[in-house]
Amino acid sequence: MFALKRKGVFYGYREASLMKMTVKRLYETYETQTDKKITLFGWVRNHRSQKAFGFINLNDGTFFETIQVVYEADHLENFEEIRKTRIGASLRVEGVVEATPNRPQPFEIKARSIEIVGDSEEDYPIQPKRHSREFLREHAHLRSRTNLFTAVFRIRSLLTHAIHTFFQDRDFIHLASPIITASDAEGAGEMFQVTTLDLENTPKSEKAVDYSKDFFGRKANLTVSGQLQAEAFAQAFRDVYTFGPTFRAEKSHTATHASEFWMIEPEIAFADLEDDMDLAEEMVKEIIGYVMKHAEKEMAFLNKFVEKGLLDKLQNVMQSKFARITHREAIDILKQAKVAFENEPSYDRDLATEHEKHLAKHFDAPVFVTDWPKHIKAFYMRLNDDKETVAAMDLIVPKSGEIIGGSQREERYDVLLKRMEEMNVDSEELKWYLDLRKYGTTPHAGFGLGFDRMLMYITGVANIRDVIPFPRTPKNCEF
RNA sequence: GCCUCAGUAGCUCAGCCGGUUAGAGCACUUGACUGUUAAUCAAGGGGUCCUAGGUUCGAAUCCUAGCUGGGGCGCCA
């Protein structure tokens with residue numbers, strides 16, 4: 001085997017890496033490949049053997065569909081060995097392409113030789129039948145070989161590309177905002193501490209831990225947001241975005257929370273809240289369109305087996321004009337609704353999950369809620385003229401609730417400083433952030449999109465742990 | 001953190017108002033089958049009934065505690 005590999009028999013990269021035959025390429029070109037001899041590598045998804053011939057459904061990861069490989073005793077020296085191939089085994093298949101217009105699949109491979117590259121043992125847990133998501137979560141290293149997870153993770157990859165494409169097409173600069181940060185000023189949730197101190201024997205002065213002895217000479221954490229750094233870049237490049245991992249140490253136990261997730265945070269200078277919402281709306285529509293165009297098979301599968309009406313839902317989002325209402329108007333709608341909410345809607349308070357669901361249903365389309373009471377929002381959001389609300393916006397979508405939160409940022413030095421004092425944010429620690437308002441400040445705005453939640457929305461998958469390859473949640477750091 | 005449901009074969013589950021030898025389908029093994037499509041048919045192997053205590057002549061079944069997982073709420077993206 002290794003000798004084969006050294007000779008380049010597996011891939012033939014040296015000669016023609018771009019012409020590597022894959023299941024995807026075959027599906028694209030099979031009409032012109034009839035009777036041609038090809039070589040495929042892949043894994044057995046299903047296998048049905050009979051006395052003198054058999055059928056193997058081969059998947060090589062490049063395409064959602066499998067290819068049916070037909071093998072016959074007459075053509076294989078190792079027929080008896082191949083007949084016993086189990087699901088999960090990896091194979092090298094040489095064969096001839098044959099069009100099969102009268103069968104469920106458009107073409108198949110008549111095998112001329114099959115070599116077992118790696119056998120799969122009897123207790124391979126993934127079977128050709130429906131498995132529970134819970135079971136597959138516990139086999140996260142194998143679940144990506146199932147239909148559902150091939151679909152989800154290919155779409156995840158496409159969605160990443162769609163987001164970069166959207167921003168790069170508009171000349172946004174991508175910045176890698178820091179993952180380790182000493183600032184916890186944003187107050188966006190519990191943080192994971194990063195330290196090289198010996199926790200069994202921490203240096204102390206008086207009673208407190210002496211962080212001057214720690215790696216950075218101060219207390220450090222994993223980031224909860226790259227926004228503040230993005231703002232700094234926006235004041236140089238005008239339009240920028242971050243796209244990276246984010247960490248929250250909350251002990252949340254829900255289908256929409258993970259300890260490690262990815263966020264997209266665009267930040268635009270010389271822009272107000274309306275521009276911000278325009279950007280968000282355009283982005284949501286475009287990235288959905290990209291996925292629907294580039295993952296047709298996967299989306300059709302999800303539409304059929306995961307969320308009935310998924311395609312209609314997404315079409316509706318792409319065609320609709322997102323509603324825009326103020327927080328006050330939202331509360332009015334809720335108060336007038338003939339629904340007994342567990343939480344009484346209040347002009348003074350945040351929307352509960354049940355409120356978001358009602359609003360999404362009320363409009364039957366995504367809806368921006370703007371102008372929130374200042375005391376329930378972050379210090380950096382721009383104070384409106386009424387002095388009571390801030391120029392914030394949340395985008396609420398049917399079925400998934402809030403997927404975007406954004407705001408116009410407070411660009412006025414004095415107002416920002418006052419808000420920091422009111423909200424007990426240490427202005428010394430964020431001196432650099434205040435500096436941005438001293439040297440050529442601009443009206444600017446931005447938002448944060450929870451990438452994994454967006455993926456849930458697009459795939460219809462209801463649990464965030466099923467859209468993250470190896471999810472991290474409280475008490476769960478397997479794999 | 002709070003409320004709730006569950007844990008029986010590799011998987012999905014039945015059995016659970018206590019009763020002696022714990023079942024089914026799929027998977028696996030062996031065989032049959034000349035075109036299968038989650039193929040079909042026959043036979044076979046496979047169990048810490050989550051763990052620890054308790055009640056009882058007897059516990060998968062009842063009680064207590066714990067562990068693990070699901071769902072809902074809260075915190076948030």
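Here the structure is a predicted model, which is why all the values come from computation and not from measurement. By convention in this document, chain letters (A, B, ...) are assigned in the order of the sequence lines, proteins followed by strands, and residues within each chain are numbered from 1.
Of the nucleotides present, C73(B) is the one that pairs with G1(B) by Watson-Crick or G-U wobble criteria, both distances under 3.5 Å. Remark: A6(B) base-pairs with U68(B); criterion is Watson-Crick or G-U wobble with both hydrogen-bond distances under 3.5 Å. Pair assignment for G35(B): none, as no Watson-Crick or G-U wobble contacts are both less than 3.5 Å. With a 3.5 Å ceiling on both atom-pair distances, G47(B) lacks any Watson-Crick or G-U wobble partner. Both distances falling under 3.5 Å, in either a Watson-Crick or a G-U wobble arrangement, occur for no nucleotide opposite U56(B).
For the pair Met454(A) CE and C76(B) C1', the computed distance is 18 Å after rounding to whole Å. Atom CD of Glu354(A) is separated from atom P of C75(B) by 11 Å (rounded to the nearest Å). His355(A) places its NE2 atom 15 Å from the P atom of C76(B), with the value rounded to the nearest Å. With rounding to whole Å, Ile87(A) atom CD1 is found 13 Å from G10(B) atom C1'. In this structure, CG of Asn46(A) is placed 14 Å from P of C26(B), rounded to the nearest angstrom. If you take CD of Gln50(A) and P of U30(B), they are 17 Å apart, rounded to a whole angstrom. The CG atom of Asp452(A) sits 19 Å away from the P atom of C76(B) (whole-angstrom rounding). Atom CD1 of Ile109(A) is separated from atom P of U36(B) by 19 Å (rounded to the nearest Å).
Place Glu108(A) and Ser259(A) on RNA chain B by their nearest nucleotides, and Glu108(A) ends up nearer the 5' end.
The phosphate of G71(B) (OP1 or OP2) has a side-chain N or O of Asn463(A) nearer than 4.0 angstrom. At the phosphate of U36(B), neither OP1 nor OP2 sits under 4.0 Å from any side-chain N or O atom of Arg83(A). Taking 4.0 angstrom as the limit, Arg48(A) places a side-chain polar atom (N or O) nearer than this to OP1 or OP2 of A39(B). Between Thr353(A) and C73(B) there is no side-chain polar atom (N or O) within less than 4.0 angstrom of OP1 or OP2. Checking the phosphate oxygens (OP1, OP2) of G70(B), a side-chain nitrogen or oxygen of Arg465(A) falls inside 4.0 Å. For the pair Lys51(A) and C33(B), the criterion of a side-chain N or O lying under 4.0 Å from OP1 or OP2 is met. Phosphate contact (OP1/OP2 of U29(B), side-chain N/O of Arg86(A), threshold under 4.0 Å): present.
When the P atom is compared between G47(B) and C63(B), the two are found 29 Å apart, to the nearest whole Å. Comparing the P positions of A9(B) and G1(B) gives a spacing of 30 Å, expressed to the nearest Å. Taking the C1' atoms as reference points, C26(B) lies 36 Å from C3(B), given to the whole Å. Comparing the same atom, P, in U12(B) and in U48(B) gives a spacing of 16 Å after rounding to whole Å. Using atom P as the reference point in both U51(B) and C67(B), the two lie 16 Å apart (nearest Å). A gap of 10 Å separates the C1' atoms of G7(B) and C49(B), to the nearest Å. A gap of 34 Å separates the P atoms of C11(B) and G74(B), to the nearest Å. Atom P of G35(B) sits at a distance of 16 Å from the matching atom of U40(B), rounded to the whole Å.
Taking only distance into account, the side chain of Lys84(A) never meets the base of G31(B) through a donor-acceptor pair shorter than 3.5 Å. In the interface, the side chain of Ser252(A) is not paired with the base of C76(B) through any donor and acceptor atom under 3.5 Å apart. With hydrogens and angles ignored, a donor-acceptor pair closer than 3.5 Å exists between the side chain of Gln127(A) and the base of G10(B). Side-chain atoms of Glu122(A) stay outside donor-acceptor range of the base of U29(B), with no qualifying N/O pair under 3.5 Å. For U34(B), the base has no donor-acceptor partner in the side chain of Glu72(A) [N/O atoms by modelled type, under 3.5 angstrom]. At a cut-off of 3.5 angstrom, counting only N and O atoms as typed in the model, there is no donor on one side facing an acceptor on the other between the side-chain of His131(A) and the base of C11(B).
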Report each atom pair, protein N/O against N/O of nucleotides 2-6 of chain B, whose distance is under 3.5 angstrom.
none

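For the 3.5 Å distance criterion, the side chains of Glu231(A) and Tyr380(A) fail to qualify, holding no donor opposite an acceptor.
With rounding to the nearest 0.5 angstrom, the CG atom of Leu279(A) is 9.0 Å from the CG atom of Asp275(A). In this structure, CD1 on Ile155(A) lies 10.5 Å from CE on Met292(A), to the nearest 0.5 angstrom.
Put simply, the side chain of Ser90(A) never gets that close to the backbone of Phe41(A): no donor and acceptor are under 3.5 Å apart.
Across all strands shown, Ile126(A) has no heavy atoms under 4.0 Å from either base or sugar-phosphate atoms. Note on Glu260(A): nothing from the nucleic acid sits closer than 4.0 angstrom, heavy atoms only. Using a 4.0 Å heavy-atom cutoff across all strands shown, Phe55(A) reaches at least one base atom of the nucleic acid.
A centroid separation of 6.0 Å or more is found between the aromatic rings of His75(A) and Tyr71(A). Taking the ring centroids of Phe451(A) and Phe261(A), they lie at or beyond the 6.0 Å cut-off. Separation of the Phe341(A) and His355(A) ring centroids falls under the 6.0 Å cut-off. Aromatic rings from Phe107(A) and Tyr27(A) are positioned such that their centres are separated by under 6.0 Å. Checked against a 6.0 Å centroid threshold, the rings of Tyr241(A) and His164(A) count as neighbours.
Contacts with RNA chain B (heavy atom under 4.0 Å) in residues 132-151 of chain A: Ser132(A), Glu134(A), Phe135(A), Arg137(A), listed by number.
Under a 4.0 Å N-O distance rule, the pair Glu281(A)/Lys321(A) qualifies as a salt bridge. Under a 4.0 Å N-O distance rule, the pair Arg349(A)/Glu344(A) does not qualify as a salt bridge. Ion pairing of Lys374(A) with Glu410(A) is absent here, as no side-chain N (NZ or NE/NH1/NH2) approaches a carboxylate O to less than 4.0 Å.
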Requested in this report: Take Arg145(A) and Asn59(A) through the side-chain hydrogen bond (donor to acceptor under 3.5 Å, both in side chains) test and state the conclusion after the steps.
Outcome: CA-CA 9 Å; Arg145(A) 306 179 183 193; Asn59(A) 185 288; over 6 Å; no

